[in-house]
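Chain naming here is simple, since letters A, B, ... match the order of the sequence lines and numbering starts at 1 in each.
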Amino acid sequence: MKLDVMYFAWVRERIGVPRETVETEAATVADLVRELSAREDRYELAFSDLDALRVAVDQDLTDFDASISGAREVAFFPPMTGG
Amino acid sequence: MKLDVMYFAWVRERIGVPRETVETEAATVADLVRELSAREDRYELAFSDLDALRVAVDQDLTDFDASISGAREVAFFPPMTGG
Amino acid sequence: MMRILVQEASFDVGAELNAFQAGKTDMGAIVSFSGIVRDLPEAPLRHMLIEHYPGMTERALTKIAEEACERWSLGDVLVIHRYGQMAPGDQIMMVATASPHRKDAFAAADFLMDYLKSRAPFWKKEVTADGSDWVSAKDEDEEALRRWKQG
Amino acid sequence: MMRILVQEASFDVGAELNAFQAGKTDMGAIVSFSGIVRDLPEAPLRHMLIEHYPGMTERALTKIAEEACERWSLGDVLVIHRYGQMAPGDQIMMVATASPHRKDAFAAADFLMDYLKSRAPFWKKEVTADGSDWVSAKDEDEEALRRWKQG
């Protein structure tokens, strides 16, 4: 399936793009992370410490075990610092 | 001694004046209350339930046992309702 | 730093908040509370009268603000409280606090309101077509003070 | 009732507070929080950059405001949060709550800030003469959420 993957803050800076469309059969966020990390060093670097990352599937905050089947977009970013 | 006695809110309405100067030898607020209550019904009525009253001596909130020796002004009023 | 105003005149809460915030580049967090005259559902309010104790009012508000400054890290405190006659929707009062930390700004404003409500010498009277009544103090207002009473 | 604004443009916090208060004769208590860009004592801040996640931001803020409306008796909620480039002293964001009860107005504003801080997708970057750094989330911000987690 085709999935929009988005990156914010220092995750975006490490990956080098704010968003991209990936072709994947990953079932969960964690599967997708493994797939991307296997591709290139910049992904492996960005995803090296998952505790320092947050993930949203279709704009809802979730965790790395979450299913992405049927999802349209997945976003990776550091903990939020608004306010 | 001469003392300025002030009344606020419904205490003022019951006593009928906002302030008056009294000549008294009362040692405490409670003594002053007894003296005034003995004078006229309107005082006795205003001071009939001391739990419903608050007192300030020289503009500091205190209680009915407080000394008034050397005080310049004593004020009686209901619990505050500002804000 | 603090500013305490007890006045009959109305005031512009937005303008006061802007003035309070101006130039505070060392304070990240500003909390304000504003109190507005509420209309009464039962009998429409003609107006509210607020009586106060000139002299003691300023003294009590200053003491309350000083205590807030001792308890929390505050860069500034503002208290404005009106007396006299007010209509429904009119501004009665406001407090504002500025702090480097949002928790301090919130706690101090909350504290100021609890103390101002039961320890500053103001009394409210509501005037409706049916007559007029002094507003009674609420037990919960005394209880609210207990929260702050030990460390 | 609520109003959620996510915008790049600056805004006038006083004018927004006045507009929020206008006509609220059934709400006695208004609490506002405003966040201002703080200068840095160590290295003067050139500017702050705020990145956000368009779409998710509005969605997250709306959910947080809806939860506040379920928990407390609120007549209105306002959230304004900027993104983009800001200078020291600039307004970053504000929340405001209106309630018949001051305790509800305070608690809801405090809750909104705690959730907005760690659950709405904003990220701050500080730019100084020495370079630029993403602001780290604080452990205390996660802890602050725990206070609201059970009844």
So which residue, [options], ends up with the most heavy-atom pairs under 4.5 Å with chain C?
{"options": "Ser34(D), Gly89(D), Gly23(D)", "value": "Ser34(D)"}
{"options": "Lys117(D), Glu16(D), Gln21(D)", "value": "Gln21(D)"}
{"options": "Ala87(D), Ala96(D), Ala29(D)", "value": "Ala29(D)"}

Sort [X] into side chain, backbone, both or neither according to what part of it lies under 4.5 angstrom from a heavy atom of chain C.
{"X": "Met27(D)", "result": "backbone"}
{"X": "Glu140(D)", "result": "neither"}
{"X": "Val37(D)", "result": "backbone"}

Requested in this report: Quick one: pull up CG in Asp39(D) and NZ in Lys24(C) and give me the separation to the nearest 0.5 Å.
Outcome: 15.5 Å
Report task. First locate atom OG1 of Thr25(C), then atom CD1 of Ile36(D), and finally report the distance between them rounded to the nearest 0.5 Å. Result ->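 Nearest 0.5 Å value for the OG1-CD1 distance: 9.0 Å.
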Query raised in the report: What part of Asp114(C) lies closer than 4.5 angstrom to a heavy atom of chain D: side chain, backbone, both or neither?
Result: both
Query - Over 12 foreign heavy atoms within 6.0 Å of CZ, Arg46(C) - result: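 Not buried by this count: 12 neighbours or fewer within 6.0 Å.
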Report task. May I ask you to check whether over 12 heavy atoms, not counting those of Arg59(D), lie within 6.0 Å of atom CZ? Result -> yes
Query raised in the report: Under 4.5 Å between any side-chain heavy atoms of Asp26(C) and Arg38(D), yes or no?
Result: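 In short, these two side chains do not touch, never coming nearer than 4.5 Å.
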Query raised in the report: Which heavy atom in Ser32(D) sits nearest to a heavy atom in Leu17(C), and how many Å separate them?
Result: OG-CD2, 4.0 Å
**Report entry** Closest contact, heavy atoms only, Lys103(D) versus Ala144(C)
**Finding:**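 Scanning both residues completely, I find the closest heavy atoms to be CE-CB, 4.4 Å.
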Query raised in the report: Strictly under 6.0 Å, is that where the ring centroids of Phe106(C) and Phe106(D) end up?
Result: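 Not close enough - the centres of the two rings lie 6.0 Å or further apart.
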Requested in this report: With a 4.5 Å cut-off on heavy-atom pairs, point out which of Val95(C), Ile30(C), Val31(C), Asn18(C) contacts chain D the most.
Outcome: Ile30(C)
Query raised in the report: Would Asp141(C) and Arg102(D) pass as an ion pair if we require N to O under 4.0 Å?
Result: yes
